[in-house]
Amino acid sequence: MTVGEVLRRATEYLAGKGVESPRLDAELLLGKALTLSRVQLYMEHDRPLAEPERDAFRELIRRRGEREPLAYVLGEWGFRRLTLATDRRALVPRPETEVLVERCLALLDGLPAPRVLDVGTGSGAIALAIADEHPGSAVTAIDVSPEALALARENSARTGVAVELVEQDLTGGLGEAEYDLVVSNPPYVTEEEWATLQPEVRDWEPRLATVGEDHTDEIADHARDALRPGGHLVLEVADLRAQAVAALLERCGYEDVTVTEDLAGRDRIVEGRRP
Ligand SMILES: C[S@@+](CC[C@H](N)C(=O)[O-])C[C@H]1O[C@@H](n2cnc3c(N)ncnc32)[C@H](O)[C@@H]1O
């Protein structure tokens with residue numbers, strides 16, 4: 001069978017399994033199996049596959065057909081300027097979180113050596129992207145999950161970006177007047193919402209990373225102590241809760257509370273400044 005034929009068959013198979021973008025996923029997975037770019041796949045459309053290549057591709061398509069997230073099957077995923085290792089130990093970094101990082105970088109602009117805390121770092125995506133794009137920053141990242149921290153450590157090593165990684169439960173507090181910026185993409189999905197999510201999230205991503213109803217409030221509370229006067233808190237939130245979180249930050253005494261949209265135009269980022 002040729003590249004074109006196996007792609008057509010894999011696309012049909014993935015579509016039958018309910019995968020949202022079956023052709024794109026099939027191309028990316030065949031690219032991984034053959035170590036070819038998508039453009040090269042098109043150029044080699046009529047090239048027959050060797051048996052070991054077909055076996056390798058079949059296994060990747062089988063995994064995706066079980067609705068394992070594409071990023072886990074590929075084993076790596078792009079986030080800002082970095083390519084991060086991705087697997088079941090942590091949430092797949094999302095495009096809206098890139099906008100969260102954008103806001104952090106804007107708030108840190110002009111500070112030569114800011115101290116930053118990333119709460120619930122998962123793969124390390126936010127912490128590593130900030131450290132990468134704001135040279136001079138000293139970034140600490142905490143997570144309660146040792147598995148996630150192990151992945152973050154691997155990502156620090158593979159990207160060559162240094163951050164301090166600490167196993168810590170956010171509910172115990174975040175320190176005293178230490179940071180210029182506290183950022184978090186906390187778990188914010190309710191139990192009821194979780195049951196309705198796509199299998200990729202529900203069956204594969206860590207539940208600890210997705211389900212949580214009090215984390216946003218707790219971080220807002222603890223960050224007020226952990227920030228230096230004038231420091232900023234930046235939170236990713238569920239779009240329908242952005243206004244409620246903005247009101248919460250105001251009640252907690254934060255000033256200049258602002259809501260920013262993600263790339264899809266949904267209210268997703270809420271920030272405030274400690275007076
Ligand atoms: C939504 S994920 C975000 C991961 C990563 N920051 C990102 O944006 O891709 C939330 C993270 O919070 C961590 N977490 C959950 N409960 C926590 C707690 N009580 N203390 C610290 N981290 C916690 C989870 O292990 C998970 O890695």
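Ligands are counted one by one from 1 in listed order, and the atoms in each one are counted from 1 as well.
- Protein heavy atom in closest approach to atom 12 (O) of ligand 1: G120 CA, 3.4 Å.
- Residue G122 has at least one heavy-atom neighbour below 4.0 Å for each of these atoms of ligand 1: 4 (C), 27 (O).
- The residue from T121, N185, L91 that puts a heavy atom closest to atom 5 (C) of ligand 1 is T121.
- A donor-acceptor contact under 3.5 angstrom links the side chains of Y188 and E236, judged on distance only.
- Taking every non-hydrogen atom of I126 and a distance limit under 4.0 Å, the qualifying atoms of ligand 1 come out as 6 (N), 8 (O).
- Those atoms of ligand 1 with a heavy atom of H215 less than 4.0 angstrom away are 16 (N).
- By the 6.0 Å contact criterion, CD on E66 is enclosed, its count of non-hydrogen atoms from other residues, nucleotides or ligands being greater than 12.
- Between atom 19 (N) of ligand 1 and the options V183, V144, D214, D169, the minimum heavy-atom separation is to D169.
- Salt bridge status for R8 with E12: present, with a side-chain N to carboxylate O gap under 4.0 Å.
- Ligand 1 has no nitrogen or oxygen under 3.5 angstrom from a nitrogen or oxygen of S123.
- When only interatomic distances are considered, the shortest N/O to N/O separation between D118 and ligand 1 does not fall below 3.5 Å.
- One finds no salt bridge joining E68 and R88 here, because no Lys/Arg side-chain nitrogen approaches an Asp/Glu carboxylate oxygen to under 4.0 Å.
- Of the charged side-chain nitrogens involved, none lies within less than 4.0 Å of a carboxylate oxygen, so that R202 and E193 do not count as a salt-bridged pair.
- Within ligand 1, the atoms closer than 4.0 Å to a non-hydrogen atom of S145 are 25 (O), numbered from 1 in the order shown.
- Comment: D203 does not engage R67 in a salt bridge, judged by the lack of any side-chain N to carboxylate O separation of less than 4.0 angstrom.
- Atom CZ of R9 sits in a sparse spot, with 12 or fewer heavy atoms from other residues, nucleotides or ligands closer than 6.0 Å.
- Those atoms of ligand 1 with a heavy atom of T97 less than 4.0 angstrom away are 8 (O).
- Counting the atoms of ligand 1 from 1 in the order shown, those under 4.0 Å from a heavy atom of Q168 are 20 (N), 21 (C).
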